[in-house]
Amino acid sequence: MKKVQTHYRTCNLCEAMCGLEIEHSDTEIYSIKGDMKDVLSHGHICPKAVALKDLYYDKDRLKTPLHKTTNGWKEISWEDAFDQVAKNIKDIQEKHGSNAVGIYRGNPNVHNLGLMLYSSTFNKSLNTQQKYSATSVDQLPHHIASLQMFGHQMMIPVPDIDRTSYMLILGGNPAVSNGSMMTAPNFSGRLKALQKRGGKFVVIDPRFTETAKLADKHFFINPGKDALLLLSLIYTIFDEKWEDLRDLDDHTKGLDTIKSSVRDFSPEKTAGFIGISTQEIKNIAQEFSHAPTAACYGRLGVSTQEFGGTCQWLINVLNVITGNLDVEGGVMFTLPAIDLVGMSAFTGKTGSFNRRQSRVHKLPEFSGEYPVVALADEILTEGDDQIKAMITVAGNPVLSTPNGKKLEKAFKSLDFMVSIDIYLNETSKHADIILPSTNGLETAHYDLIFHQLAVRNTTKYNEGMFERNEEQRHDWEILNALTERISGKKNPATPEMMLDYLLQNSPYKDHELTVDKLKKHPHGIDLGPLQPCLPQRLFTKDQKINLAPEIFTKDLQRLKEKQHELNRTKNSFTLIGRRHLRNNNSWMHNSALLMTGRERCTLLMHPEDAVKLHLENGQNVEVTSLISSVKIPVEISDEIKQGVVSIPHGFGHHRNGTKMSLAQEKPGVSINDLTDSNEVDTLTGNADFSRTKVTIQAV
Ligand SMILES: Nc1nc2c(c(=O)[nH]1)N[C@H]1C(S)=C(S)[C@@H](COP(=O)(O)OP(=O)(O)OC[C@H]3O[C@@H](n4cnc5c(=O)[nH]c(N)nc54)[C@H](O)[C@@H]3O)O[C@H]1N2
Ligand SMILES: Nc1nc2c(c(=O)[nH]1)N[C@H]1C(S)=C(S)[C@@H](COP(=O)(O)OP(=O)(O)OC[C@H]3O[C@@H](n4cnc5c(=O)[nH]c(N)nc54)[C@H](O)[C@@H]3O)O[C@H]1N2
Ligand code: SF4
Ligand SMILES: [Mo]
């Protein structure tokens, strides 16, 4: 009989940080359940965590380096692979300059301790300005709003969901996504608890989402019009004199500028564009400002739009002028055990914006990166600093960034490409060398980022559950080996040594936190609820919250010019995305446990639109944008606003030359073959996914 052991760890798949209890032997996994004793998640789990088992056993998952030859992929040794990658990078940089090498880091980076700890030395060894990541198809506007208003890119206000009495959710679907830029395992349960204690939550979304179904009220909005809505809410609050900054009065500046900035945006003027009536906008403003405590939260749907930066700025303003920032039940700042924000008092690094612009599209730099919508043309356009070699690290930009087809073309034209990835997929297939890392259950885990965004301060560390095989390498070992070969310097510390150092500098001195101590607390250590921390925590020079940063107030002119653009011309639809509980961006479609049930990659369409186009449920249609067209079955549903259609992102596994057999059986189509990399929030550089115009025809 094999000895059954129990391993506790945090799920690394999404931002919710659920604690898992895993029964296993030395080689076999028996069960994956929620850890009832986890100090943050108290037993919550979603279907994806169970699929960690599929991921571990997946025969398609790569374990040894692959080299592309004229006769197909060949396995090569790690030493050989590292040498070849380093040589190619160095040769290309010698010949074309250091900016000839580009790097793209995908979403799993932030869920991976090794990648988080070793990326900065690796990036330094590359010494390139051509850096990109999934940030600019995601949360970039949050960082820029925080940098401008609070002086630090990571000072992201987190809704105090467990104590608030009113929550206004724009463009987020936490019932499916489990929450984002706000770590709150069992988000839906927390929303239900809010209602149970007499509170209320309201959802603004072009789709009647899974979250909207739980809400007290849902309003359909025209995609891309949230900035107008937020301006009108703020207008109403000032107009009715409902503002009350409470204790924040002394710690803000720019209140008068805000008042005058919103003057042109009365609900009477904007309601028609937004798609929510004047009276309803006023009602929301009244409810929000009159609630004992309230939190406005806007997520992906409002970040990835033409005025995504403005939206995140205005959300902060709304919370401030109603006295809901830095108070219990409002939106608050965390104090994690490894306090990346607090550390900036010593390092001076608080984030940067627009120190330079990308070569071809002149889009702003953020924290040393350029927006990923600029990437394809940086590869395809000749000139100094043209990218000739690419490194992708845990990213699949061919499926996840706008105009994936153009990026494919760009990758094909490179002199050299390397992918650090666990699969041969739509992106890594373009590489000359793939360096596959360990994953999930094989890795040690500490959430450096998501404790920073959690609704409660806790800390937790887990070792890998299984030892890695002799033939495998961890992500951090890969980065370290490459760093050494490229720059001659490697990082001498192990991840645990680095973690120990960070923990010893923790603000929780009384807890005497060390890696060893955390190992003895596999369910985590609770450090208590979020606490008010302003103005001391502010990083602005004058220690005031800047309510009216110039970059945003000036940009309102652009908004005024564009607000009259209705979302819809006569025969076209606006295309938006959606997530599903059993998808995880583009890379979990090879799990049998998750790929059950009916076809998921469908085009959602309102019944009246379907009648107009004479379409029946399940019928195949051709969806055409300026960029390309795809064929997809239509799913008729009154859950979507008229004039809007939706395709989930992360599919499109029909491309040949990949090795994800199950995903290829249910390939779906990629929404990013339709989205346009020219649609961008020009202020922040974030991709705009809410404005893709498509026409639809039966096939
Ligand atoms: N139209 C549209 N596009 C979108 C979105 C949308 O809503 N609509 N959402 C956007 C968002 S929010 C995001 S975050 C991005 C995601 O964009 P990406 O991060 O580029 O895409 P993912 O699908 O997450 O790809 C992750 C890659 O990492 C690999 N991987 C997984 N785990 C590991 C690991 O431990 N180590 C290594 N080395 N590799 C690993 C996977 O095999 C996969 O290739 O997509 C964005 N794109
Ligand atoms: N199951 C699952 N969970 C995930 C992921 C996954 O792929 N699958 N991905 C993870 C990642 S990387 C992230 S970033 C998070 C994202 O977390 P969320 O932001 O909660 O996820 P989405 O489902 O993309 O929610 C965006 C919502 O915005 C709406 N929307 C689209 N356009 C507009 C608009 O113009 N205005 C408004 N008001 N709403 C709009 C969409 O209909 C959708 O309901 O989810 C994470 N969790
Ligand atoms: S909600 Fe996220 S963290 Fe929790 S089990 Fe699911 S995927 Fe893992
Ligand atoms: Mo994301």
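Counting starts at 1 for both ligands and their atoms, in listed order.
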Check each atom of ligand 2 against the heavy atoms of [X] and keep those under 4.0 Å away; list them by number with element.
| X | result |
| --- | --- |
| Gly224 | 34 (C), 35 (O) |
| Asp138 | 14 (S) |
| Asp226 | 34 (C), 35 (O), 36 (N), 37 (C), 38 (N) |
| Thr209 | 44 (O) |
| Asn583 | 1 (N), 2 (C), 6 (C), 7 (O), 8 (N) |
| Asn107 | 12 (S) |
| Arg299 | 14 (S), 18 (P), 19 (O) |
| His580 | 1 (N), 2 (C), 8 (N) |

Nearest protein heavy-atom contact for [atom]: which residue, which atom, what distance?
| atom | answer |
| --- | --- |
| atom 32 (N) of ligand 2 | Ser690 OG, 3.3 Å |
| atom 10 (C) of ligand 1 | Val137 O, 3.4 Å |
| atom 26 (C) of ligand 2 | Gly171 O, 3.3 Å |
| atom 33 (C) of ligand 2 | Gly301 O, 3.5 Å |
| atom 35 (O) of ligand 1 | Asn439 ND2, 2.8 Å |
| atom 40 (C) of ligand 2 | Pro206 CD, 3.3 Å |
| atom 7 (O) of ligand 2 | Asn585 N, 2.7 Å |
| atom 46 (C) of ligand 1 | Ser400 O, 3.3 Å |
| atom 43 (C) of ligand 1 | Asp421 OD2, 3.5 Å |
| atom 1 (N) of ligand 1 | Asn672 OD1, 2.9 Å |
| atom 25 (O) of ligand 2 | Asn173 N, 3.5 Å |

Open item on the list: Below 4.0 Å, non-hydrogen atoms only: which portion of Ser177 touches ligand 2? Side chain, backbone, both or neither.
Closed with: both
Open item on the list: Please work out, at 4.0 Å between heavy atoms, whether the side chain, the backbone, both, or neither of Ile576 comes within that distance of ligand 2.
Closed with: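 Within the 4.0 Å criterion, Ile576 contacts ligand 2 through side-chain atoms alone.
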Open item on the list: If you take the centroid of each ring, where Trp contributes its six-membered ring, are Phe450 and His111 closer together than 6.0 Å?
Closed with: yes
Task: Output field: ring centroids Phe187/His44 closer than 6.0 Å - done: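 Ring centres of His44 and Phe187 not closer than 6.0 Å.
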[X]: numbered ligand 1 atoms lying under 4.0 Å from its heavy atoms:
| X | answer |
| --- | --- |
| Ser437 | 36 (N), 37 (C), 38 (N) |
| Asp475 | 34 (C), 35 (O), 36 (N), 37 (C), 38 (N) |
| Tyr423 | 42 (O) |
| Pro397 | 20 (O) |
| Gly106 | 19 (O) |
| Ile671 | 1 (N) |
| Leu300 | 7 (O), 12 (S) |
| Asn425 | 42 (O), 43 (C), 44 (O) |

Using modelled atom types and a 3.5 Å cut-off, is there a donor and acceptor pairing between side-chain atoms of [X] and backbone atoms of [Y]?
| X | Y | result |
| --- | --- | --- |
| Ser670 | Asn672 | yes |
| Ser136 | Ser133 | yes |
| Ser41 | Asp38 | no |
| Asn173 | Arg579 | no |
| Asn403 | Asp676 | no |

Task: Name of the residue among Thr310, Asp688, Asn686, Asp226 meeting side-chain hydrogen bond (donor to acceptor under 3.5 Å, both in side chains) with Gln305 - done: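 Checked Thr310, Asp688, Asn686, Asp226 against Gln305; only one passes side-chain hydrogen bond (donor to acceptor under 3.5 Å, both in side chains): Asp226.
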Open item on the list: Given Thr438, which partner from the list Arg473, Glu477, His474 fulfils the side-chain hydrogen bond (donor to acceptor under 3.5 Å, both in side chains) test?
Closed with: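 Answer after filtering Arg473, Glu477, His474: His474.
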Open item on the list: Between ligand 1 and Gly650, can you find any atom pair, the residue atom being a heavy atom, that is separated by under 4.0 Å?
Closed with: no
Open item on the list: When you measure from the heavy atoms of Gly395 to every atom of ligand 1, does any distance fall below 4.0 Å?
Closed with: yes
Non-hydrogen atoms of [X] versus ligand 2: any pair closer than 4.0 Å?
| X | result |
| --- | --- |
| Gln305 | yes |
| Lys48 | yes |
| Asp205 | yes |

Open item on the list: Just verifying a value: how many Å separate Leu674 CG and Ile647 CD1, rounded to the nearest 0.5 Å?
Closed with: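 One finds 5.5 Å between CG of Leu674 and CD1 of Ile647.
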Hey, can you tell me if [X] and [Y] have their rings parallel, tilted or perpendicular (30° and 60° cut-offs)?
| X | Y | value |
| --- | --- | --- |
| Phe411 | His430 | tilted |
| Phe366 | His143 | parallel |
| Phe208 | Phe220 | tilted |

- [ ] Any atoms of ligand 3 less than 4.0 Å from a non-hydrogen atom of Met17? List them with their elements.
- [x]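 By the 4.0 Å cutoff, the relevant atoms are 3 (S).
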Task: Residues Glu679 and Arg691 bridged, charged N to O under 4.0 Å - done: yes
- [ ] May I ask you to decide whether Glu442 forms a salt bridge with Arg61, counting only side-chain N to carboxylate O separations under 4.0 Å?
- [x] yes
TODO: Would you indicate whether the side-chain heavy atoms of Met605 and Glu635 approach each other to under 4.5 Å?
DONE: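 No; the side chains remain at least 4.5 Å from each other.
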Open item on the list: Between Ser637 and His606, is there a side-chain heavy-atom distance shorter than 4.5 Å?
Closed with: no
TODO: Count, excluding waters, the protein N, O or S atoms that are closer to atom 6 (Fe) of ligand 3 than 2.8 Å.
DONE: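 Count of protein N, O, S atoms less than 2.8 Å from atom 6 (Fe) of ligand 3: 1.
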Which pairs of donor and acceptor atoms, one on a side chain in residues 46-56, lie under 3.5 Å apart (sequence neighbours left out)?
| from | atom 1 | to | atom 2 | distance (Å) |
| --- | --- | --- | --- | --- |
| Asp54 | OD2 | Ser591 | OG | 2.8 |
| Asp54 | OD2 | Ala592 | N | 3.1 |
| Asp54 | OD2 | Leu593 | N | 2.8 |

Open item on the list: What I want to know is whether Pro223 and ligand 2 share at least one N or O pair that is separated by under 3.5 angstrom.
Closed with: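 It does not: no N or O of Pro223 is found under 3.5 Å from an N or O of ligand 2.
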Open item on the list: Pairs of nitrogen or oxygen atoms closer than 3.5 Å, one from Asn222 and one from ligand 2: do any exist?
Closed with: no
Task: Stepwise side chain to side chain donor-acceptor pair (under 3.5 Å) check, His445 with Asp447 - done: CA-CA 7 Å; His445 191 80; Asp447 261 293; 2.8 Å; yes
Open item on the list: Judged on heavy-atom distance to atom 5 (C) of ligand 2, which of His649, Met588, Lys641, Arg579 sits nearest?
Closed with: Arg579
